[in-house]
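In what follows, a structure is listed as structure tokens, so that the remarks can point back to it.
Note that the coordinates shown come from a computational prediction; the quantities given were computed from them, not determined experimentally. Reminder, nothing fancy here: chain letters follow the sequence lines and each chain counts from 1.
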Amino acid sequence: MIRISNTMTRTKEEFVPLTSGEVRMYVCGVTVYDYSHIGHARSAIVFDVIRRYLAFKGYRVTFVKNYTDVDDRIIRRANEAGVSPREFAERYVAAEREDMAALGVLAPDVDPKATEHVSEMLELIERLVASGHAYPVDGDVYFEISRFPPYGRLSGKNLDELLAGARVEVDERKRDPRDFALWKSSKPGEPTWESPWGPGRPGWHIECSAMAMRYLGESFDLHGGGEDLIFPHHECEIAQSEACTGKPLARYWVHNGMVNMGKEKMSKSLGNTLNIREIVKRHDPDALRLWMLGTHYRNMIEWSEERVEESARALDRLARLLHDAVTVRDAGGAASLPPALAEFRPRFEKAMDDDFNTPQALGVLFDFGRALAEARDRQAGAPGAFVAGVAELAQLARVLGLFGRGAPVDGPGAAVERLVTARGEARARRDFKRADELRDEIARLGWLVEDTPAGSRLTPKGR
RNA sequence: GGCGGCGUAGCCAAGUGGCUAAGGCGGAGGUCUGCAAAACCUCUACUCAGCGGUUCGAAUCCGCUCGCCGCCUCCA
């Protein structure tokens, strides 16, 4: 049984999908006006892991993540760059896909763009106007908060306080300062769609309602995003959607914690972001992932190069096991998992079942790794047992998205093998100077030679 | 001001009523080794921000104090 922290109820609840054996999930994606940063990476990795785990547990998962490709900042930056907003947004959609792939994040089943779903949005807005939940003013359309009493439930805000807090740009045309835009009349030079209220473009919140319902239905299982989206974005999404359908939009609202730079939240508006493409130049994406999954997804995490480097060292221990297994397997060993190594999978699942507790799950993986290394070094039992154990470990690690690109399996090649043999001969005649030279040469070819009681071992360097 | 979260070893981080307080990094010692590297073994929090309280029993529940962060405005 999987338990999930639900922002809506502020409790950990048993996960029961609407349709048995099937999970439909929607995650808010990025606004494409710049490169994605580490904060986006965290959200992507968190929901990637949730998705993988649900699939691992046997659910048929449909995963939808949108692109917001129409927005004030896109328009402004596109104008500055002298390209059309459409072309500008397209550029960053492509960049985002590259970044996600580099991080080992699985592509969504559907990744809809707002601009391609304007007709669905207009349909929703028309229904809301017809039902009296929204009202047009001078080509704009606003959602009337007071017509939807549950407004504020997700974020735990009460409406009076929101009123007191509505301090910026009180628009006199709105019936209530808390009302939010569903449709905005467009200014000259902006992307425009025809609507019953004149030419305009959609407000931010409506796109998610439209796309989520289009691909997942009026009610689905899990809605995710960064915790900074709880208010107002998800609150507004709920209001629009549920005012329309009378049904709960999502059963479980899941939010990931922020990535901080120092003590401050990383955010585009604060200008303290670190782009994914810069980071993957310096760090193994798996090390980055391991670092992130070392903190529970709901907690804040503070960016640190040092922590990621530490994670890379930890990752190395596991990676080495995988590599050794390839060597042993090639030496002819394969067997079923010995009972002594069967305890780890249930422990892993127990951790993950409890609100996707990846730090605890990783602890299990490292325990598993230690048990395997011990088995390898003792050379106890059939080598096949070690190989089977590593295969099991790798399978569990892959649920977290680790080692997705596979362990380094390319062989060292004949040239390197010859050097290793030569070095062995040099060592045998105690010509250590020559042996060390050969080791350096092998290192230049990308391989690390290590001498063990069982002979010299090769490991690819700098994975 | 309102709402929410956090404070656990040198650092990172699980654990949220009762076995020895996970795991990672770092550090110390050991085994192995021509050296090195890796690996493995052992050790590294008598204690969970502080103070009270509830309880047979609390890091875990309650209250207060201190410190930090997020949301309330575009934001993953």
* To do: Look at the side-chain N and O atoms of A/Asn299 and state whether any lies under 4.0 Å from the OP1 or OP2 oxygen of B/rA14.
  => yes

* Asked: Under 3.5 Å, is there an N or O donor on one side and an acceptor on the other linking the side chain of A/Arg320 and the base of B/rA39?
  -> no

* Asked: If you find the nucleotide of RNA chain B closest to A/Gly369 and the one closest to A/Leu229, which residue's nucleotide is nearer the 5' end?
  -> A/Gly369

* Can you tell which of B/rA14, B/rC25, B/rA76 lies closest to the side chain of A/Lys265? -> B/rA76

* To do: Under the salt bridge (charged side-chain N to carboxylate O under 4.0 Å, His left out) rule, what do A/Arg77 and A/Asp34 come out as? Steps first, then yes or no, please.
  => CA-CA 9 Å; A/Arg77 308 258 296 237; A/Asp34 202 346; 3.3 Å; yes

* Answer yes or no: side-chain N or O of A/Arg423 and base N or O of B/rG34 forming a donor-acceptor pair under 3.5 Å. => yes

* With respect to the phosphate group of B/rG70, does any side-chain polar atom (N or O) of A/Arg298 fall under 4.0 Å of OP1 or OP2? -> no

* To do: State whether the distance check finds a donor on one side and an acceptor on the other, under 3.5 Å, for side chain A/Ser269 versus base B/rC74.
  => yes

* **Nucleotide of B/rA39, B/rG34, B/rA76 approaching A/Ala435 most closely (side-chain heavy atoms)** => B/rG34

* Specify the separation, in whole Å, of atom CG of A/Asp355 and atom P of B/rA14. => 12 Å

* Asked: Heavy atoms under 4.0 Å, any strand shown: does A/Thr295 hit a base, just sugar-phosphate, or nothing?
  -> sugar-phosphate

* Same-atom distance (C1') from B/rA59 to B/rG15, integer angstrom -> 9 Å

* Can you tell me the pairing partner of B/rC19 across any strand shown, Watson-Crick or G-U wobble, with both distances under 3.5 angstrom? => none

* Ring stacking, A/Phe366 with base of B/rG23, under 5.5 Å and under 30°? -> no

* Compare the minimum distances between each of B/rA76, B/rC69, B/rC74 and the side chain of A/Pro232, then state the nucleotide with the smallest one. => B/rC74

* To do: Give one of base, sugar-phosphate or nothing for A/Glu302, where a contact means two heavy atoms less than 4.0 Å apart.
  => nothing

* To do: Find the distance A/Leu362:CG to B/rC12:C1' and express it as a whole number of Å.
  => 13 Å

* Taking the same atom, C1', in B/rG7 and in B/rA45, what whole-Å distance lies between them? -> 16 Å

* Can you check the A/Lys350 NZ to B/rA14 C1' distance for me, whole Å? -> 13 Å

* In whole angstrom, give me the gap between the P atoms of B/rC25 and B/rC41. => 12 Å

* Test side-chain hydrogen bond (donor to acceptor under 3.5 Å, both in side chains) applied to A/Glu237 and A/Ser209, step by step -> CA-CA 6 Å; A/Glu237 244 186 278; A/Ser209 295; 4.7 Å; no

* A/Val30 has a side chain; which of B/rC74, B/rA76, B/rC35 sits nearest to it? -> B/rA76

* Asked: Under 4.0 Å: is that the gap between some side-chain N or O of A/Asn357 and OP1 or OP2 of B/rG15?
  -> yes

* Asked: Which whole-number value in Å describes the distance from A/Asn66 CG to B/rA76 P?
  -> 10 Å

* **Span that lies between the C1' atom of B/rG30 and that of B/rG67, in whole angstrom** => 42 Å

* To do: Please tell me which of the listed nucleotides, B/rA76, B/rA37, B/rG70, lies nearest to the side chain of A/Glu227?
  => B/rG70

* Please measure how far the P atom in B/rC51 lies from the corresponding atom in B/rC56, and state the result in whole Å. => 23 Å

* To do: With the side chain of A/Thr31 defined as its heavy atoms from C-beta on, choose the nearest nucleotide among B/rU73, B/rA76, B/rA39.
  => B/rA76

* Does B/rU55 pair with anything, Watson-Crick or G-U wobble, both distances under 3.5 Å, and if so, with which nucleotide? -> none

* To do: State yes or no: are the ring centers of A/Phe180 and A/His205 separated by less than 6.0 Å?
  => yes

* Just checking A/His37: base, sugar-phosphate only, or nothing, at a heavy-atom cut-off of under 4.0 Å? -> base

* **Min side-chain heavy-atom separation A/Met121-A/Gln240 under 4.5 Å** => no

* A/Asp355 and A/Tyr297: side-chain donor and acceptor closer than 3.5 Å? -> yes

* Determine the Euclidean distance between corresponding P atoms of B/rC62 and B/rU16; express it in Å to zero decimal places. => 14 Å

* If we call it a pair only when both distances are under 3.5 Å in a Watson-Crick or G-U wobble match, what pairs with B/rA45? -> none

* **Nucleotide opposite B/rA14 in a Watson-Crick or G-U pair, distances under 3.5 Å** => none

* Among B/rC40, B/rC72, B/rA36, which nucleotide sits nearest the side chain of A/Asp451? -> B/rA36

* Step through the shown structure and confirm whether more than 12 heavy atoms of other residues, nucleotides or ligands are within 6.0 Å of CZ on A/Arg153. => no

* Could you work out which one of B/rG24, B/rA76, B/rG34 sits closest to the side chain of A/Arg317? => B/rG24

* **Student check: side-chain heavy atoms of A/Tyr35 and A/Glu278 closer than 4.5 Å** => no

* **Assigned partner base of B/rC6, Watson-Crick or wobble definition, under 3.5 Å** => B/rG67

* Asked: Got A/Ile4 and A/Glu13 here, is their nearest side-chain heavy-atom distance under 4.5 Å?
  -> no

* To do: Counting Watson-Crick and G-U wobble pairs only, both distances under 3.5 Å, name the nucleotide matched with B/rA39, or none.
  => B/rU31

* **Side-chain donor/acceptor of A/Arg439 to base of B/rC35, under 3.5 Å** => yes

* To do: Could you work out the separation of B/rG10 and B/rA28 based on their C1' atoms and round it to a whole Å?
  => 13 Å

* Toward the 5' end of RNA chain B, by each residue's nearest nucleotide, A/Phe432 or A/Arg370 -> A/Arg370

* Structure fact -> In Watson-Crick or G-U wobble terms, with both distances under 3.5 Å, the base opposite B/rC74 is none

* With the side chain of A/Lys157 defined as its heavy atoms from C-beta on, choose the nearest nucleotide among B/rA13, B/rC72, B/rA76. => B/rC72

* Under the 6.0 Å and 45° cation-pi test, does A/Lys157 pair with A/Phe231? -> yes

* With A/Lys268 as the cation and A/Tyr33 as the aromatic partner, state whether NZ or CZ is under 6.0 Å from the six-membered ring centre and within 45° of the axis. => yes

* For A/Val259, report the nucleic acid contact type (base, sugar-phosphate, nothing); a contact means any heavy atom under 4.0 Å. => base

* To do: Would you kindly check whether a donor in the side chain of A/Asp436 faces an acceptor in the base of B/rG34, or vice versa, at under 3.5 angstrom?
  => yes

* Separation of B/rA39 P from A/Asp324 CG (nearest whole Å) -> 10 Å

* To do: Determine the contact category for A/Asp72: base if any of its heavy atoms lies under 4.0 Å from a base atom, sugar-phosphate if only primed atoms, P, OP1 or OP2 are that close, otherwise nothing.
  => nothing

* Pick base, sugar-phosphate or nothing for A/Val449, based on heavy-atom distances below 4.0 Å to the nucleic acid. => base

* To do: Whole angstrom is fine here: how far is it from CG in A/Asn158 over to P in B/rC72?
  => 16 Å

* From the list B/rA13, B/rC69, B/rG15, which nucleotide is the closest neighbour of the side chain of A/Gln360? -> B/rG15

* To do: Can you tell me, in whole Å, how much space there is between the P of B/rC64 and that of B/rC3?
  => 13 Å

* Asked: In whole angstrom, what separates A/Arg10's CZ from B/rC71's C1'?
  -> 11 Å

* Spacing of A/Leu288 atom CG relative to B/rG24 atom P, expressed in whole Å -> 20 Å

